[in-house]
*Asks:* 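Got a structure here, written out as structure tokens. Questions coming.
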Amino acid sequence: MYLALLVFASAGMLTSALDNGLMKTPPMGWLAWERFRCDIDCDHDPKNCISENLFIDMADRLSEDGWKELGYIYVNIDDCWSAKERDEQGRLQADPKRFPGGIPKLVQYMHDRGLKLGIYGDMGTYTCGGYPGTPLDKIEIDAQTFAKWGVDMLKLDGCYSNVTVQEQGYPLMSKALNATGRHIGYSCSWPAYQGGLPPKVNYTQLGKICNLWRNYGDIQDSWDSVLKIVDWFFGNQDVLIPAAGPGRWNDPDMLIVGDFGLSIDQSRAQMALWAIMAAPLFMSNDLRTISSGARSILQNKMAISINQDALGIQGRRILKEKSGIEVFQRPLSNNASSLVFFSRRNDMPYRYQSSLSKLNYTAGSYKVYDVFSDTAVTLKDSTDFVLSVNPTGVVMWYVSAPAKPSLHQFYKTGKFQAEDQNAIPYVIV
Ligand code: GLA
């Protein structure tokens, strides 16, 4: 009987999961697309063109400027890396002029530094930029090529394909990657090509075959674009939240912090809301020239540890006030949580008044850490607080578990005192 159960259980596991054990927390790293697009003009723009030098430069920055230690370990190539033709054996090949060492050289470079390399493909006849795609009959050979090169992640886009091809191709690539025996993180753009919502999109199935997926349109370097994405993801949160969990993440697209479109407040807002969403944190910026302001937002340890919380529960918008303040919350390990107060106002800092009990917290006293000002206070659920939220900015909190009155303390001191079980976990400080 016991044996039968075991066999049954493991058979179930084999058929129902992308069995690569990867990305139990949202993946973090750098991705070329938003900032560097399809710049292949290395003669005139050698620093910024899609070439092995660009990825080497970013790898150097990630490993030398404190990013890697914080979890930013993926260096991901996007579109326009390949030659326009496959080789004689039908395999994809990197453009020999821009990638003279081929992809294996880059893989080696990353692995030598404790980083990982991601690559880009497309489940159709061409990539969005017009490079060779991966039609159904090329899935196996491409999975094998990527595995042979030692690649760690694949983003599979969906240009130049249709519903039927996508329905067959995305699961087939999942199987083909697993069959290589190499653990390759799998990012599927499939839902973004089908409107991102059920019944056209089946999130239960996606969670079984992909580690992450783009649900929605491309981010651009503007606050408008961030807002559009935020509106869509939180507008559809009831559908999206259950889809996410360890090993399977909704992907609202890259972080544009450090580029040209966001103010410091807006950059904090993107970082905070991406952390609440348990979103993959792929920066698309120039790490060689990034400002210290943008860097300190992207390297904020508390924001990162909220994003990386082991429970992997995607947070939600819990309040939309008439004043234009919105409140977001994400449950975290150790009975803690994160709150984000976000202002949609365009006038001046707004003084928002509330209390933890108004935000549905249970009775008790809480330690509250302000993520971007690096300050802490103890707050009783019933105490009213007022906080100042900048226009298009956020205040982000880590809220500890409530401390309960302890009998032990009572016998020792004759007074009820809160136990210090609301101390901040070591990982965060
Ligand atoms: C699509 C994707 C982008 C990027 C480009 C490349 O638009 O959504 O993220 O990969 O293709 O051409």
Side-chain angles (χ1 to χ4, degrees), residues 26-41 48-51 54-55 58 74-84 92 94-95 98-99 103 117-135 142 146 151-163 165-166 169-170 173 184-197 200-201 206 210-222 224-226 228-230 232-233 249-259 261 270 274 277 279-286:
M28 297 172 65
W30 182 90
L31 174 58
W33 181 254
E34 196 293 316
R35 176 63 180 79
F36 294 95
R37 309 282 167 144
C38 194
D39 180 351
I40 54 168
D41 189 1
N48 298 312
C49 67
I50 302 301
S51 68
L54 180 70
F55 297 97
M58 294 309 149
Y74 284 92
V75 179
N76 287 6
I77 302 171
D78 206 270
D79 206 347
C80 309
W81 61 270
S82 79
K84 286 277 185 172
L92 290 171
D95 181 313
R98 293 179 287 122
F99 294 86
I103 302 300
L117 186 96
I119 204 159
Y120 167 98
D122 187 286
M123 186 60 262
T125 40
Y126 296 99
T127 70
C128 301
Y131 288 78
T134 303
D142 289 356
F146 297 145
V151 159
D152 302 294
M153 177 173 171
L154 169 67
K155 168 176 167 183
L156 194 60
D157 214 337
C159 274
Y160 301 102
S161 64
N162 58 37
V163 185
V165 167
Q166 290 165 16
Y170 279 99
M173 179 57 92
I184 300 179
Y186 183 33
S187 165
C188 300
S189 298
W190 185 12
Y193 285 85
Q194 295 304 326
L197 296 174
K200 275 184 157 177
V201 174
L206 275 166
C210 311
N211 296 111
L212 61 153
W213 45 80
R214 286 280 309 284
N215 317 62
Y216 189 63
D218 291 0
I219 198 158
Q220 309 293 342
D221 192 2
S222 76
D224 268 7
S225 173
V226 171
K228 223 172 119 192
I229 291 174
V230 164
W232 191 86
F233 276 80
W249 310 104
N250 295 302
D251 179 6
D253 213 0
M254 293 155 270
L255 290 166
I256 54 163
V257 176
D259 293 322
Q270 194 192 15
W274 264 234
M277 283 189 279
L281 299 180
F282 287 109
M283 309 178 279
S284 191
N285 51 17
D286 191 341

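Atom set for the values below is all heavy atoms of this structure, side chains included, hydrogens, waters and symmetry mates excluded. Throughout, residue positions are numbered sequentially from 1 according to the sequence presented. For ligands, and for the atoms within them, numbers begin at 1 and follow the listed sequence.
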*Asks:* Got a donor-acceptor contact below 3.5 angstrom from the D122 side chain to the C159 backbone?
*Replies:* yes

*Asks:* Spell out, as yes or no, whether a donor-acceptor pair under 3.5 Å connects the side chain of D157 to the backbone of G121.
*Replies:* no

*Asks:* Can any side-chain N or O of D79 pair as donor or acceptor with the backbone N or O of G129 at less than 3.5 Å?
*Replies:* yes

*Asks:* Under the salt bridge (charged side-chain N to carboxylate O under 4.0 Å, His left out) rule, collect the residues that match up with D218, sequence neighbours excluded.
*Replies:* R214

*Asks:* Run the ring pair (Phe, Tyr, Trp, His ring centres under 6.0 Å) test against Y170 and tell me which residues pass, sequence neighbours left out.
*Replies:* W190

*Asks:* Can you name the salt bridge (charged side-chain N to carboxylate O under 4.0 Å, His left out) partners of D286, sequence neighbours left out?
*Replies:* R288

*Asks:* Taking non-hydrogen atoms within less than 4.0 Å of ligand 1, which protein residues qualify?
*Replies:* W33, D78, D79, Y120, C128, G129, K155, D157, R214, D218

